[in-house]
Amino acid sequence: MSSAFIQSAVILLREGLEAMLVIAALAGYLTKAGAGHRIQALYGGALAAVGASIVAAWLFAVLNSGEHSDVLEGVIILVAAALMLYVSGWLMVKQDPRGWQDYLAHKADSALAQDTVWAVGALAFLAVFREGAETVLFINALATTEGGWSAGLFAGLGSATLGLVVLFYFINLIARKIPLRPLFIITSAFLFAMAIKFIGEAVQEFQEQAMLPFTELKGVSWLGALGLNPTLEALSAQLLVIVFALATYSVIQRNNRLARADKGAVRTAKP
């Protein structure tokens with residue numbers, strides 16, 4: 001089983017699963033809010049987003065075909081890594097089920113307040129297309145780092161698609177019972193690891209064009225056997241990102257604790 005097969009399957013499964021969780025949770029919320037008649041618009045917006053994602057993937061492949069550019073590939077990989085880091089952090093912050101439910105309720109209430117099925121459909125479209133656009137970017141970056149659109153990559157996407165069809169059926173049956181916290185933490189960690197790997201790949205693209213120096217570290221040459229970039233420049237960039245991510249997460253957690261403490265103090269002070 002190739003690396004491209006595993007990575008492409010996991011990327012599509014992760015993005016598709018998150019989109020399905022959002023749609024299933026929103027459908028449940030609309031039912032509770034007495035707006036069950038708008039669920040059809042919700043699913044319609046989601047299907048339109050899937051179609052738009054496929055079109056985006058085709059356009060990306062057509063517009064990016066023909067000429068090989070290490071610089072362009074490096075930029076694409078960096079953008080994909082940045083998106084992965086953002087989504088990874090978002091998932092880690094939203095791992096609290098109460099925070100996740102509040103987030104969904106806010107989105108659904110905003111759509112319902114407009115009193116139109118188009119608002120609900122647009123909400124679903126944006127929620128799913130965000131995942132679809134990320135998938136297009138991630139898969140293209142993966143194809144670049146793995147040396148092209150191989151049979152293993154396509155097989156991974158096909159297997160993931162079948163898996164998502166099965167998951168969609170079961171998610172609609174047990175959506176309210178899915179443990180969100182473990183799911184969010186695991187997928188957040190996976191995306192973070194992928195982003196760190198992509199940063200090393202992007203640095204390598206720029207090094208091949210002599211845009212960055214190449215300082216190989218002998219003590220970590222074994223990283224090359226794992227498909228990683230064993231240079232001072234790549235490892236320095238990756239380490240800086242890791243430290244920045246940990247520091248940012250610590251600040252966010254501290255602010256959340258202070259906000260909860262302030263709310264508790266206000267409740268206690270009320271007569």
Just wondering, do L239 and L235 contact through their side chains at under 4.5 Å, heavy atoms?
-> no
Atom of S8, atom of G156 and distance for their closest heavy-atom approach | OG-CA, 3.4 Å
Heavy-atom closest pair, residues I199 and A237 = CG2-CB, 4.1 Å
Looking only at non-hydrogen atoms, find the nearest pair between A234 and G200 and report the distance.
-> CB-CA, 4.2 Å
Report whether L164 and L153 are members of the same hydrophobic cluster (ILVMFWY, side-chain heavy atoms less than 4.5 Å apart, transitive linking).
-> yes
Considering non-hydrogen atoms only, spot the tightest contact between L212 and V203 and give its length.
-> CD1-CG1, 4.0 Å
Mind checking whether L85 and F244 have side chains closer than 4.5 Å, heavy atoms only?
-> no
Kindly give the heavy-atom pair with the smallest separation between Q238 and I196, and that separation in Å.
-> NE2-O, 2.7 Å
Any link between F154 and L142 through a network of hydrophobic side chains (Ile, Leu, Val, Met, Phe, Trp, Tyr) touching at under 4.5 Å?
-> yes
Side chain proximity check, F138 to L12, heavy atoms < 4.5 angstrom | no
Apply side-chain hydrogen bond (donor to acceptor under 3.5 Å, both in side chains) to the pair N229 and Q207, showing each step before the final yes or no.
-> CA-CA 11 Å; N229 187 342; Q207 287 173 328; 3.2 Å; yes
Taking atom CG of L157 and atom CG of L13, what is their separation to the nearest 0.5 Å?
-> 10.0 Å
Quick one: closest heavy-atom pair of A160 and A9, and the distance?
-> CB-O, 3.5 Å
Going hydrophobic residue to hydrophobic residue with side-chain gaps under 4.5 angstrom, can you get from L167 over to L47?
-> no
